**Q** 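After the structure tokens below, expect a handful of questions from me.
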Amino acid sequence: MNSSSTKNKAIRVENLSKFYGKTLGVNNISFDVDPGEIFGFLGPNGAGKTTTIRLLLDLLKPDEGSITIFGKPLNEFSMEIRRHCGYLPGEFQAYKHLTGYQYLGLFADLRKSLNDDLSILLEKFQLSPRDLKRKTSQYSRGMMQKLGIVQAFLHKPKLVILDEPTSGLDPLMQEVFYALIFEKQMEGTTIFFSSHNLPEVEKLCSRLAIIRQGQIVSVESIESLKQKVGHVMEILLDGELPALEIEGADLISAMGNRYVFKIKGDLSKVLQKVSGLPLKDITITRPTLEKVFMEFYKTS
Amino acid sequence: MKALSYFRMVWKTNKAFAIFTMALLASTQLLILNLVTTFDTQAIIASIVEQLPKNMQVFLKESFFSTLTFDGAAAFGYNHPMVIALIIVNAINIPARHISRELESGTLEVLLSHPVKRNMFITTLWASGIVLLFLITLSAFLSSILGVYLFHQLSADVVFKILEISLNMWLFSVLILSYSLMIASKSKGGGLTGSLSAMIAFVFYVVFLISQLWSTLDFLLPYNIFYYYEPQQIMLGRGHIGLDTLVLVGLSGLCFGFSVIFFNKRDIP
């Protein structure tokens, strides 16, 4: 990996491994994230998502491999890198004895910097002065999550690492959050986004990595992932055919005169073949990310 | 890392129990001094002690009977088992809460994702604990002085001895804090720090009591942390505050050093 390409990346992870004793955390994972990109990180529970995130924040020490953030090795420039990072963990908790104001004040003090737009951020997430004067122990799950989001964006970070950021947020607040993410992307912020909410990942991310049992099984754009899985074609024929075979399409199911195929190759060639059949109806759909994800997990 | 902001957070989290300890320490001290000046407690206790076996009598005369003088009573307020237990709980609570429990809740993970050096964090936490324990000791010191003043026993010698005892108590509590910090820096489980630290203190205390009662085991005394906490001996002019200070400061420094090493190397969580 040459140094100039490393410098152009917001995050570069190379051959990273982490074991907890004999238990696997992540094994030999590599991926990179471009500056200003919203990068999704998908995987089921226990796949190694949180381990990867903690390695990126220098909370865990890797057994092997390297992490470079904004062209600087994390093990050497940890403090400097963390100065430019915001982080929202999954199931975010604040200090229960502090009020919202005191909590944000503590972290503003630790960072020695404060976002000029803090009041706008608080207004967006409907955290009123009255809410912020209450102890965080009195906060609902959603309030706590909103405080966590504000905390992550408190200092205009260049890189934000988010783990399940919308859990606990109502649909209205989720939309506010999505708008914030796009706004920050426009400003050049890189977002590393881990979520189980696949429609959300599909909506926000341009590329994603899929991790399974501690190993990266795919790093691609959502479009190319979908193309890999292909299209689903459902046809309704005027009468049953004993053995229907279409070149370039795999039959998934047949029920009466209704057939479902998966098309991975060239769609136009398949359509040419289908046009010769006694068609009553035809539906072609692109798979959702959820289907892609499930497909990936079944096959890999 | 702004130490003052972090200390404020530590204070807010621990203040309820710390204030309770301060109030209890102060009132215990005043109550004991009041009892000693109001009743002839020495005669009452002496008649009870006479009924006990010989070795118990020796032990009680050493550690308890001497407290029935006014000076001794002023020192006893520092050496009462309840007072010792409260100080230990306060000292253990700080690392157990701010490392172990915060590791479980995830708040430490968020804190350390900020530009905070790990050795700065552990030093600030240690210093915050030391200040908090100082405030508790200060309340004991001030209430002792107040008691001595109220019961017309105030003299430069008594004030100086109470000052020495207070220093001894503070350094002793700092040692408990320091070894708890060392355990918390290494341990993975939340409850482990509290229970292991408390168990260590309890074992030391029991061994100390047995070693005092049973002369065969008195060779163990210099290896026991309670041997270096001796309010009554100091008050009676038989203490060795210099050695106590040296040992308590040395051990605290050692434990703190290990805490820094362990915490810098550990995974969060």
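The sequence lines fix the lettering, A, B, ..., with proteins before strands; numbering per chain opens at 1. The structure presented is a predicted model; accordingly, all values stated were derived computationally and were not measured.
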**Q** Who among A:L98, A:L57, A:I161 has the most heavy-atom pairs with chain B under 4.5 Å?
**A**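 It is A:L98.
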**Q** Using non-hydrogen atoms only, which part of B:K265 is less than 4.5 Å away from chain A: side chain, backbone, both, or neither?
**A**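 Backbone of B:K265 only, per the 4.5 Å heavy-atom cut-off to chain A.
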**Q** Please look at B:R118 and chain A and tell me whether the side chain, the backbone, both or neither of the residue comes under 4.5 angstrom of a heavy atom of that chain.
**A**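 Contact with chain A is through the side chain of B:R118 alone.
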**Q** Between A:R54 and chain B, with a heavy-atom cut-off of 4.5 Å, which part of the residue counts as in contact: side chain, backbone, both or neither?
**A**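 The answer is the side chain of A:R54.
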**Q** Does A:K49 count as lying over the ring of A:F41, i.e. NZ or CZ under 6.0 Å from the six-ring centre, within 45 degrees of the axis?
**A**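 No, A:K49 and A:F41 do not form such a contact.
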**Q** What part of A:Q102 lies closer than 4.5 angstrom to a heavy atom of chain B: side chain, backbone, both or neither?
**A**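 Contact with chain B is through the side chain of A:Q102 alone.
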**Q** Please look at A:K18 and chain B and tell me whether the side chain, the backbone, both or neither of the residue comes under 4.5 angstrom of a heavy atom of that chain.
**A**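 For A:K18, the contact with chain B is made by the side chain alone.
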**Q** Please verify the inter-ring angle class for A:F107 with A:Y103; under 30° counts as parallel, over 60° as perpendicular, anything in between as tilted.
**A**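 Perpendicular, since the angle between the ring planes exceeds 60°.
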**Q** Could you label the plane-to-plane angle of the B:H114 and A:H155 rings as parallel, tilted or perpendicular, counting under 30° as parallel and over 60° as perpendicular?
**A**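 Correct class here is tilted.
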**Q** Taking atom types as modelled, find out whether B:S178 and B:W126 have a side-chain donor-acceptor pair closer than 3.5 angstrom.
**A**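 On atom types as modelled, these side chains qualify, holding a pair under 3.5 Å.
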**Q** Is there a donor-acceptor contact under 3.5 Å linking the side chains of A:S78 and A:R82?
**A**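 Note: A:S78 and A:R82 side chains meet the donor-acceptor criterion.
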**Q** For B:N264, which atoms come within 4.5 Å of any heavy atom of chain A: side chain, backbone, both, or neither?
**A**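 The answer is the backbone of B:N264.
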**Q** Taking everything shown except A:E183 itself, do over 12 heavy atoms lie less than 6.0 Å from its CD?
**A**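 More than 12 heavy atoms, drawn from other residues, nucleotides or ligands, come within 6.0 Å of this atom.
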